[in-house]
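Just below is one structure, and these are the notes that go with it.
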Amino acid sequence: MEELNQLLKQRRQKAQELSDMGVELYANDFKPTHSISELLPHKETIPEGADHTAGPRFTIAGRIMAMRKFGKAAFLQLQDASGKIQIYIKRDAVGPDVYTHFKKLDIGDIAGFTGTLFITKTGELSLMASVLKPITKSLLPLPEKFHGLTDVETRYRQRYVDLIVNPEVKETFKKRIEIISLIRDFLNNRGFMEVETPMMHPIAGGATAKPFQTHHNALDMELYLRIAPELYLKRLLVGGFEKVFEINRNFRNEGLSTRHNPEFTMLEFYQAYATYHELMDLTEEMVSWIATEITGSMQVTYQGENVDLAPPWKRLTMVESLVQIGGIPLETLQDKEKTFALAKEKGIDLDENVGLGKAQTELFELLVEDKLIDPTFITAYPTEVSPLARRNNDDPTVTDRFELFITGREIANAFNELNDPIDQKQRMEQQIEERGDDEEIFPILDKDFIRALEYGMPPAAGEGIGIDRLVMLLTDSPSIRDVILFPHLRPEKN
RNA sequence: GGGUCGUUAACUCAGCCGGUAGAGUAUCUGCCUUUUAAGCAGAGAGUCGCGCGUUCGAAUCGCGCACGACCCA
């Protein structure tokens, strides 16, 4: 028998006492007639000082969040999914037996009440209870009412408690769900079709990242949790679906930070016969619309910084951004030796085999990225860092690609898709060669993907948007863990 | 992987130049039928994250470990 502390013993004892009185501790037959939020508008129509017992009766259920007990009466705060309301319960109204049951209830218990609405002396809408029904006994005490639960470790490990006691946390996750729903609406309205592609891949492709590995017993084969859905969505373009999207988890076996969780949610969408310019337009429209729906404005504040999401957004090539924002002379950027020298001076360690484009990209990440607060599309990414993107017709050293940055963070990545199977195969092989010594990245050529391209993939543009980061922006959340219900943590002791 | 900070009652936190562990909330008891961080009076509640060391004596000092946060890679 485990040793229980005093508080836990007391709760168990009260539960036993209630049970002994014939009260069902975990009742399953209670039906509220109303949600709490449905009662709140009545405040406007009930005259102050009106008869407590007059008016229609309502039945509600929820968790008791606070109790202010007097000898033979008490006020409670009851919380359900929709809101909170005060309950007034007095012995004379419910009878001595029920009042005895009530005295055995604790903060945290779930209970149902039937009663009439009235306004208290202090002007608060309240339910005068005539019926009380204990529904679920809580054996663990909730955190303190005033400070709530602030210990982040407990908040993440026991998100259910966090959600009970911290209303703003619940709001953030409601917004997350709403954002995803708005994305679906937006894309569905434009004729995109939502699809589901495999989460377990025989080859981890579509991005460069370390995958999680698993094993399929019946087929006796290794499988990888997907690092990106890209190659499957493109197969669907080959198959004739011209506008597809998928919103789901990607898994990357890499470090954790305020911006990285090993599983994260990605929107990817592909549109045949479109170009990345059209996707920039679409992205501006979608994100600014969602911001308006969620926050009421296209001007949002993120961690004290003002961000203007109103279109049109700034569009710069990577080289332009290095000149304008990074302060690097164009002449330097066009010369491989000078660029490498500058990179070295800035403390960037570059392999001798890499090209000018890689060096530019590193300089961009170091000098420009975190200065892009208002939304900015960076275009013309070097080909050598864009293995799946189509080369630019006029300058084959860069691709028809953009990344979108807001508050210094990468939010989206998009490009005209490479649909030349010969070029694609060569570039994949080159990638494999370059990362060949990193054993955890599993360099395997996806021959079936090449075969699909050989059948002919229509010209298309595709984009990925990191949903977690978008939600962070629109909910002013400093850490990705604040927008993921159950973020990854090491296991608890014991 | 490196650095900094943190871990004390169920929760929020004090205590830390070493000397038998404290507050508020919550809980329990008594009083209280319009309170809203209700009030008044009283009480109980702790492996001070874990381990080793220094010391007559460690929540406090040192080392190691665990978990977490932030920053860096």
Side-chain angles (χ1 to χ4, degrees), chain A residues 2-15 17 43 46 48-53 64-79 84-96 98-99 102-109 115-130 138-162 164-166 210 254-261 303 346-349 362 365-366 370 408 440 477-482 487-494:
Chain A
E2 67 179 308
E3 197 67 27
L4 295 177
N5 82 20
Q6 175 186 283
L7 288 175
L8 306 189
K9 280 183 192 157
Q10 283 166 352
R11 289 229 166 185
R12 278 169 160 74
Q13 189 180 334
K14 280 198 213 173
E17 286 165 9
K43 184 170 185 200
I46 297 176
E48 231 168 289
D51 184 356
H52 297 167
T53 55
I64 297 170
M65 297 301 292
M67 284 205 261
R68 293 180 282 277
K69 287 188 186 179
F70 299 79
K72 299 177 185 64
F75 288 93
L76 325 179
Q77 284 290 329
L78 194 73
Q79 168 175 297
K84 275 188 183 185
I85 194 169
Q86 179 169 268
I87 309 272
Y88 185 45
I89 181 164
K90 53 180 184 177
R91 198 179 63 172
D92 292 353
V94 294
V98 168
Y99 202 76
F102 164 69
K103 282 165 98 174
K104 296 294 172 193
L105 292 187
D106 288 304
I107 292 173
D109 287 355
T116 52
L117 292 173
F118 74 107
I119 309 283
T120 66
K121 275 181 189 168
T122 51
E124 178 156 351
L125 178 74
S126 304
L127 185 92
M128 169 72 75
S130 54
S138 165
L139 297 178
L140 291 172
L142 288 177
E144 188 218 346
K145 60 187 172 189
F146 190 57
H147 297 92
L149 180 67
T150 61
D151 179 75
V152 287
E153 185 173 352
T154 312
R155 288 186 44 224
Y156 296 154
R157 289 197 195 281
Q158 302 183 42
R159 183 69 90 182
Y160 37 90
V161 179
D162 193 25
I164 291 170
V165 300
N166 292 327
K210 292 176 186 172
E254 294 170 356
L256 288 74
S257 80
T258 49
R259 304 179 191 192
H260 299 87
N261 195 60
Q303 302 297 296
K346 299 284 181 190
I348 297 168
D349 204 14
E362 295 276 343
E365 288 174 6
L366 183 69
D370 62 2
E440 294 177 23
S477 299
S479 169
I480 196 169
R481 298 182 193 99
D482 297 322
H488 277 277
L489 298 175
R490 286 194 166 86
E492 275 182 274
K493 279 180 282 190
N494 306 326

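Lettering of chains follows the sequences in order, A, B, ..., and the numbering in each one begins at 1.
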- Item | Which nucleotide in B:U34, B:C67, B:A10 has an atom nearest any side-chain atom of A:E153 | B:C67
- Using atom C1' of each nucleotide, how far apart are B:G42 and B:C50 to the nearest Å? 37 Å
- What integer distance in Å separates A:M128:CE from B:U35:P? 13 Å
- A:L125 versus A:I119: any side-chain heavy-atom pair under 4.5 Å? yes
- Query: Taking CG from A:D151 and C1' from B:U25, how many angstroms apart are they, rounded to a whole number?
  - Reply: 17 Å
- Side-chain heavy atoms of A:I480 within contact of A:R259, under 4.5 Å: no
- Quick one: closest heavy-atom pair of A:L142 and A:G108, and the distance? CD1-CA, 3.7 Å
- Quote, to the nearest angstrom, the P distance that separates B:G57 from B:U47. 24 Å
- Task: Round to a whole Å and report the spacing from CG of A:L139 to C1' of B:A26.
- Result: 16 Å
- Task: Considering only atom C1', compute the distance from B:C48 to B:U20 and round it to an integer number of Å.
- Result: 14 Å
- Task: Evaluate the side-chain proximity of A:L105 to A:K14: yes if any heavy-atom separation is below 4.5 Å, no if none is.
- Result: no
- Nucleotide B:C11, atom C1' - distance to CG of A:D162 in whole Å: 13 Å
- Query: Has the side chain of A:K43 got a donor or acceptor atom that lies under 3.5 Å from a matching backbone atom of A:G123?
  - Reply: yes
- Pairwise P distance, B:C32 and B:G24 [rounded to whole Å]: 24 Å
- RNA chain B stem ranges, 3 or more consecutive Watson-Crick or G-U pairs under 3.5 angstrom: B:1-7 with B:66-72, B:10-13 with B:22-25, B:27-31 with B:39-43, B:49-53 with B:61-65
- Interatomic distance, A:F70 CZ vs B:U34 P [rounded to whole Å]: 6 Å
- Query: Taking the side chain of A:T120 as its heavy atoms from C-beta onward, which of B:A69, B:G68, B:U35 lies nearest to it?
  - Reply: B:U35
- In whole Å, what separates the C1' atom of B:G19 from that of B:C11? 30 Å
- Item | P gap between B:G30 and B:A66, integer Å | 49 Å
- Item | Below 4.0 Å: OP1/OP2 of B:G68 and any side-chain N or O of A:R490 | yes
- Message: When the P atoms of B:C65 and B:A23 are compared, how many Å lie between them, rounded to an integer?
- Response: 36 Å
- Query: Of all the nucleotides listed (B:C70, B:C28, B:U33), which has the minimum atom distance to the side chain of A:K90?
  - Reply: B:U33
- Task: For B:G2 versus B:G64, give the span between their P atoms, rounded off to a whole number of Å.
- Result: 11 Å
- For B:C31, take OP1 and OP2 only and decide whether either is under 4.0 Å from a side-chain N or O of A:K69. no
- Closest to the A:I107 side chain: B:U35, B:U34, B:A26? B:A26
- Query: Under 4.0 angstrom, heavy atoms only, what part of the nucleic acid is A:K14 near: base, sugar-phosphate, or nothing?
  - Reply: sugar-phosphate
- Contacts of A:G71 and A:P143 projected onto RNA chain B by closest heavy atom; the upstream (5') one is A:P143
- Task: Would you indicate which nucleotide in B:G68, B:U33, B:U34 comes nearest to any side-chain atom of A:R157?
- Result: B:G68
- Would you tell me if any nitrogen or oxygen in the side chain of A:R91 comes within less than 4.0 Å of OP1 or OP2 on B:U33? no
- Message: Within the 4.5 Å heavy-atom criterion, are A:L78 and A:I64 side-chain neighbours or not?
- Response: yes
- Answer yes or no: side-chain N or O of A:Q86 and base N or O of B:U35 forming a donor-acceptor pair under 3.5 Å. yes
- Query: Which nucleotide in the list B:U34, B:U12, B:U35 gets nearest to the side chain of A:K121?
  - Reply: B:U34
- Message: Checking the side chain of A:N166 only, and the main-chain atoms of A:L149 only, is there a donor and an acceptor separated by less than 3.5 Å?
- Response: yes
- Item | Among A:R11, A:E17, A:Q13, the one residue meeting side chain to side chain contact (heavy atoms under 4.5 Å, CB included) with A:K104 | A:E17
- Query: Checking all strands, does A:G255 fall into the base, sugar-phosphate, or nothing category for heavy-atom contacts under 4.0 angstrom?
  - Reply: nothing
- Task: Give the minimum heavy-atom separation between A:Q79 and A:I164, together with the two atoms involved.
- Result: NE2-O, 3.0 Å
- Note on the structure: Ranking B:U33, B:A69, B:C70 by distance to the side chain of A:Y88, first place goes to B:U33
- Query: Is there side-chain contact between A:Y88 and A:E124, with at least one heavy-atom pair below 4.5 Å?
  - Reply: no
- Which class fits the ring pair A:F75 and A:F70: parallel under 30°, tilted 30 to 60°, perpendicular over 60°? perpendicular
Table of protein N/O atoms under 3.5 Å from nucleotides 42-48 of chain B N/O atoms:
unit_1, atom_1, unit_2, atom_2, d
B:G44, O2', A:Q6, OE1, 2.5
B:G44, N2, A:Q6, NE2, 2.5
B:G44, N3, A:Q6, NE2, 2.9
B:A45, O4', A:Q6, OE1, 3.2

- Item | Distance below 4.0 Å between A:T258 side-chain N/O and B:C71 OP1 or OP2 | yes
- Task: Could you tell me whether A:L489 contacts a base, only the sugar-phosphate backbone, or nothing, with contacts defined as non-hydrogen atoms closer than 4.0 Å?
- Result: sugar-phosphate
- Nearest whole angstrom, please: distance from the P of B:U35 to the CD1 of A:I85. 18 Å
- Item | side chain to side chain contact (heavy atoms under 4.5 Å, CB included) partner of A:L140, the single match among A:L8, A:V161, A:D106 | A:L8
- Query: Is there a donor and acceptor pair closer than 3.5 Å between the side chain of A:T150 and the base of B:U12?
  - Reply: no
- Do the side chains of A:D482 and A:Y156 get nearer than 4.5 Å, heavy atoms only? yes
- Compare the aromatic ring of A:F75 with the six-membered base ring of B:U35 and state whether they stack according to the 5.5 Å and 30° rule. yes
- Query: Does a side-chain N or O from A:R481 land closer than 4.0 Å to OP1 or OP2 of B:A69, or not?
  - Reply: yes
- Task: Grab the CG-C1' distance between A:L256 and B:G1 for me, whole Å please.
- Result: 14 Å
- Side chain of A:V152 (C-beta onward), nearest among B:G68, B:U33, B:U25: B:G68
- Could you state the OH-C1' distance from A:Y156 to B:A69, rounded to the nearest angstrom? 8 Å
